Every structure is written in structure tokens, then in C-alpha cells.
Amino acid sequence: MSGCVSSSTDSSELGSASGSESGSASASLDSGASDELVVNVYSHTKEPAAGFDPLLGWGCGHVNFEPLIQSTLFKSADDGSIINDLATGYSVSPDGRTWTVNIRDDVKFTDGEKLTAEDVAFTFNTSVGSNSELDMSNLESASAINDTAVEFKLKEPQSSFIWRLRYVGIVPEHAYEKDTYGRNPIGSGPYKLIQWDRGQQAIFEYNPDYYGQEPYFKKITMLFLDKDTAFAAAKSGEVDIAEIEINNVNQTVDGYSIISLPSSRAFGVSFPMQNNTGGKSLQGDPVGNNVTADIAIRKALNTGIDRKAILDGVLYGKGDVEYTGVDQREFGNPEAKIKDSDPEEAIKILEAAGWKDTDGDGIREKNGTDAEFDLYYSSSDQTRQALSVAVSEQAQKLGIKINLKGTNWDEIYANQYSSAVLYAYSSIDTFNLYQQYHSKEPDDTYRNPGLYSNPVVDGYLESALRSSDPDEATEYWQLAAYDGNTGYGPAGDATWLWLVTMDYLYVVDDTLDMGTPEKNAGSDILGNIYEWKRIDESSSASSE
């Protein structure tokens, strides 16, 4: 799916631009200081077109990451649990509609002004209706009770609201202008932006007024390179760490190690769940598919596909098999999984439902309809292409023909309600489950692209969202996947063909000690930047 921010190649609007693109990386490396870090990492490296503004996408969205410049109310511990950052604690009212968060009283913005609850309230009130991908539509208002306490009023109870508090960076009310803040951000995080050369790099320096743990690295140069170029930069010793393509897993680079880190990034095939009755979306796009609307097709694919073979063949084993899209999460339901890699059972499912190959052409048919449908994927993504090919090849052995359509996202979105799509979902926010499986109209957003509608599942999702008890909410999230009779998982309605969860692959300078990466830190590798250090100060990736 398209990222939270996009790249730009305009001239620099902050600091002085470097003399040339080729000189951008090396110019930052010549000093050889051990406390300087050069990175090219996922999420951050998709240069923010709107600048470093959390209200316009920086740090948040369906790809969430450490914003570096701004503080957040909460952050993630190494084990993935939520812990305090600006916050010192919080409480939720019995009806789940009022959240009260207490904050520190010793925090200053980089312009010297004190951060208060007014700034927190301003940030969240301004985020409602902004371009942030974090849905704030349920926030009625935020208000400062005093300098160190903020009250959030919700329209409806929302157990997942904690994730909104986790990922939105706090901006200063006195210095925030939507049109200019992203170029000259003022924050209270561990770093401050000192230079941005558009299309090339951003340079961050340690904020000496930072209230939290002091990081070892006092300067971070963030390069905006594609993965192949970043790998070449590593081979030349020009970066300390860079994300690389999975097909480079068996490469070697002198002075570097290649590591893989788990993530929450799950790949799967969405199925149109409605029959084709000639309906259209709000944008006039076709709705419905008579093949994928048949549960036997979806069940057979979920049962017959060999996920382990796909994991090993496409991702070189760097990841895990995936059945529900949230297998790795605490709110995943093991009972929703099924036994896969069983083509004989898959064929029995198809035969029993009337899908038979009566003309011997290798494609099953039922009532004059061939077991055939299109599968769209982003042609710019090698991994999605390879996954799509693997699914198509395995489906063919079951008598199901899948036509591959590699194209751009505009065309994908225009066909998502009538054709299968190879999607990836990355967020660990439980609200995504609600958006992904709760009934909706064809509104041309990528949430619930199959237009799945099950009143029982809707009820579980609504109960989970409105619960003020985390354990109770988890139970309802799990029931939505499968309650022993129905659910969105493959043991129930088999709404998706989830395939794999992918590790992220990084090439890392051997002098770099990354501490203990956060659980599922693959897509937010800088989340524990406070723990990073050099283990051999006499040698670094930046030496000549």
C-alpha cells in the first residue's frame, strides 16, 4: 500500500543544500565521529513531501514510526508494550468516553518554551480532519484541565484510542503553522532537524534539553535512497545501516552484517465477497465477483495453498506463515487458523460445492462460470509480484485460474471491489481490524476491500472497540476472527488468503550495537535509538 509520506525532489527549503546528489552521503561521513550515524531505513526514508509535521503524516499512518523530532504521549517498550513518554499515567472513565492523561512538567520545546497540556490539546484538536492517516473522527475534543493534565472526550468508547495517543507527535501551539511547520519543525523529542536537502537527506542533531534518556548518537544523517542504491552505499562504506531488498539476503558486505527483524507487515490476498449484480462504487467502479464470492473458492485456496513453500521461495524463510493477518498479535486467535498445504482436501471442498473440470481444460467451472479471477498487485514492488506469481501457480494445480495484473495503485483501487488484490498491512493498531472487517459501503478506500459484511462479526468488533477493559476487548477481537461457528478468519468465512508476515532485512555496520530492538521492530528500527552505540570507536562506517 502507498506510504504515509511520499518522496520529493524540490530544492532545499531548510539549511544549505549540498553541492550534488552524489556528494550528499559522503559529505556527512567525512568527519568520522563515532557518535554520528548515517541511516537509510524503512518508513523514515520515504521523504515526507509535507515535511516533518506529525499532523500531516510524519511518524503516523498505516506505517507508524519514531518521529525523532517530536515527543509522543506514549511509546513502545522492547517487548512491544506501551509505556510512558510525555505521559506519566492515564485513566479511562467507566463509560469509556473520557480519557485523562497526565504529563510531565519538565519538558521544553527546542525554542525554549515550556510544553504544557495546552499544547497536547491543541495537537489533537488540530489533528481532527487533518491529513494524518490516523483516524481521529471519534475524538470530540481535547482540553487542558491544568498544565499537566489533558482530557480527551470521545464520541463513542474506543479501546484502541491508546494507539492514537502513542503515535501522534506533539507540536507547539504558539509556533505551529500548517504551511511552514514541516520545513522548520519545533519539537521536544531527542533530536532537532538542522538541515533538509530535499530529495537527498535530512540531518538531525541531539536536543540537549531532551528530558529522556540521552542517546549515544548525537547526529543522525537520514538518506533518502531506494533499497538498491542504499545497498550500493553500504558496499562503499557510506552508511551505517540500510534496509535492503529481501533477495539480497545471501549477499556479503565486508565490515557489515545482514540481519532480519520481525515486523507486523502481513501480506495477503483480499477477496471480493459480493456477487456481481452490476453494482458500482461511489466512484463508478465495478463491485462484485461471482467466483470469489463463493466460500468454497476461498476455503479451497486457504486450505490448498502451501504458505511455508511461499515463505521459503519468495522471502527466503525470513518471516513467518500467516493465516489471519494478526497471528503474531496478542489479539490474534489461533482457533481461526486452518491446516493448509492440503491440496487433496481443497479439491474435495471444490468438488462438493460443484466446481468441476468437465471439459478437461484444467479450469474448474460451476453453472457455466469458470473458476477464474484477476489478482492485482503493485508492479513497482518485487515482493508483491513474486507472492502473486506463487499464489497463481499453486492455485492452478487446484483448477483455479488467477490472472495477474501488475499495475499502479489508482488502477488497483478502481478494481479492488471486483477483483482480488495482493495487499500488505503493517499497523499493530486494533482499530485496523474494525476498519478491515466491519460492514461498509463501497467508498473507494482500501479498508475492507472485499466489502465483507457479517452482522455477528460486526457485533464483536463493535463490542471490542467500545470496551473499556483491555482483556475484554482482546476477547472480542479474537471472537471476530472465529467464534467456533463464524468469523473473518479462514476457519470461518475465509475473507482473505493471508500468506506470510515478512521480516525486514538490514545491512548493518559491524561497529554498530543496536541494543534490543523492539518487538516487531522491523518497520520502526529507530524506535530504540536511545540504546544504540558504537562498540569499537576506533573504526566506523564513516572512516576513509
Side-chain angles (χ1 to χ4, degrees), residues 4-6 8 10 12-15 44 47-61 64-75 85-87 99 101 103-153 161 163-196 198 202-205 207-212 222:
C4 181
V5 289
S6 59
S8 173
D10 295 342
S12 173
E13 297 186 61
L14 180 83
H44 296 81
E47 185 178 20
F52 302 85
D53 184 344
L55 302 186
L56 299 178
W58 174 249
C60 62
N64 304 318
F65 54 86
E66 163 62 53
L68 298 176
I69 302 166
Q70 295 88 12
S71 302
T72 52
L73 290 173
F74 299 93
K75 59 185 178 181
D85 185 2
L86 278 179
W99 291 56
V101 179
I103 66 169
R104 304 172 64 120
D105 64 357
D106 59 346
V107 178
K108 293 192 297 183
F109 288 108
T110 51
D111 64 355
E113 294 290 325
K114 186 173 182 178
L115 185 154
T116 71
E118 291 284 357
D119 297 297
V120 176
F122 169 80
T123 297
F124 280 87
N125 286 328
T126 306
S127 73
V128 178
S130 74
N131 291 336
S132 170
E133 289 188 16
L134 284 179
D135 187 343
M136 289 289 182
S137 59
N138 192 39
L139 177 62
E140 185 173 284
S141 65
S143 58
I145 300 174
N146 53 49
D147 280 355
T148 58
V150 189
E151 185 176 84
F152 298 90
K153 291 288 188 181
F161 189 66
W163 295 103
R164 304 297 177 271
L165 304 179
R166 162 66 182 89
Y167 282 111
V168 176
I170 305 304
V171 301
E173 182 176 13
H174 68 274
Y176 182 81
E177 293 290 341
K178 179 179 179 180
D179 294 335
T180 60
Y181 177 84
R183 299 194 299 272
N184 295 279
I186 294 172
S188 57
Y191 294 92
K192 51 187 178 180
L193 180 69
I194 62 166
Q195 183 172 323
W196 178 20
R198 280 187 179 269
I203 301 176
F204 305 82
E205 283 190 351
N207 171 16
D209 292 326
Y210 180 56
Y211 53 89
M222 185 179 295

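Computed from a predicted model, the values in this text were never measured in an experiment.
Side-chain contact check for His174 and Asp111: at least one donor-acceptor pair (N or O, by modelled atom type) lies under 3.5 Å. Using a 3.5 Å distance cut-off with no hydrogens or angles, the side chains of Tyr176 and Asp53 do pair a donor with an acceptor.
Take Asp179 and apply the salt bridge (Lys or Arg N to Asp or Glu O under 4.0 Å) test, not counting sequence neighbours, and it matches no residue. Listed by chain and number, the residues in a side-chain contact (heavy atoms from CB on, under 4.5 Å) with Asn125 are Ala121, Ser141, Ala142 (sequence neighbours excluded). Residues satisfying the ring-ring contact (aromatic ring centres under 6.0 Å, His included) test with Phe204, not counting sequence neighbours, are Phe52. Taking Phe124 as the reference, Phe152 meet the ring-ring contact (aromatic ring centres under 6.0 Å, His included) condition, with sequence neighbours excluded. Residues passing the side-chain contact (heavy atoms from CB on, under 4.5 Å) test with Asp209 are Lys108, Asn207, sequence neighbours excluded. A search for side chain to side chain donor-acceptor pair (under 3.5 Å) contacts involving Asp105 returns nothing, not counting sequence neighbours. In terms of the side-chain contact (heavy atoms from CB on, under 4.5 Å) criterion, residue partners of Glu140 (sequence neighbours excluded) are, by chain and number, Lys153, Lys155. Thr126 pairs by the side chain to side chain donor-acceptor pair (under 3.5 Å) definition with nothing, not counting sequence neighbours. Looking at residues two or more places apart in sequence or on another chain, you find a side chain to side chain donor-acceptor pair (under 3.5 Å) between Ser71 and Ser188, Tyr211. Shown here are the side-chain contact (heavy atoms from CB on, under 4.5 Å) partners of Ser143, two or more places apart in sequence or in another chain: Glu151.
Side-chain contact between Leu73 and Val120 is present, with at least one heavy-atom pair separated by less than 4.5 Å. Counting only heavy atoms from C-beta outward, the side chains of Leu139 and Phe161 approach each other to under 4.5 Å.
Nearest heavy-atom pair across Ala49 and Arg198 is O-NH1, 3.5 Å. The two residues Gly187 and Tyr181 make their nearest non-hydrogen contact at N-OH, 4.3 Å. Annotation for Thr148 and Asn146: closest pair N-OD1, 2.8 Å, computed over non-hydrogen atoms. Heavy-atom minimum distance, Leu68 versus Met222: CD1-CE, 3.8 Å. Here the closest heavy-atom approach between residue Lys192 and residue Pro208 is recorded as NZ-CD, 4.2 Å. Across all non-hydrogen atoms, the minimal contact from Ala117 to Val150 is CB-CG2, 3.5 Å.
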Worksheet item: Can Trp58 and Phe65 be said to form a ring-ring contact (aromatic ring centres under 6.0 Å, His included), step by step?
Response: CA-CA 8 Å; Trp58 174 249; Phe65 54 86; 5.0 Å; yes
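A side chain to side chain contact (heavy atoms under 4.5 Å, CB included) with Ile103 is found for exactly one of Asp85, Ile170, Leu115, namely Leu115.
Taken to the nearest 0.5 Å, the CH2 atom of Trp99 stands 10.5 Å off from the CZ atom of Arg164.
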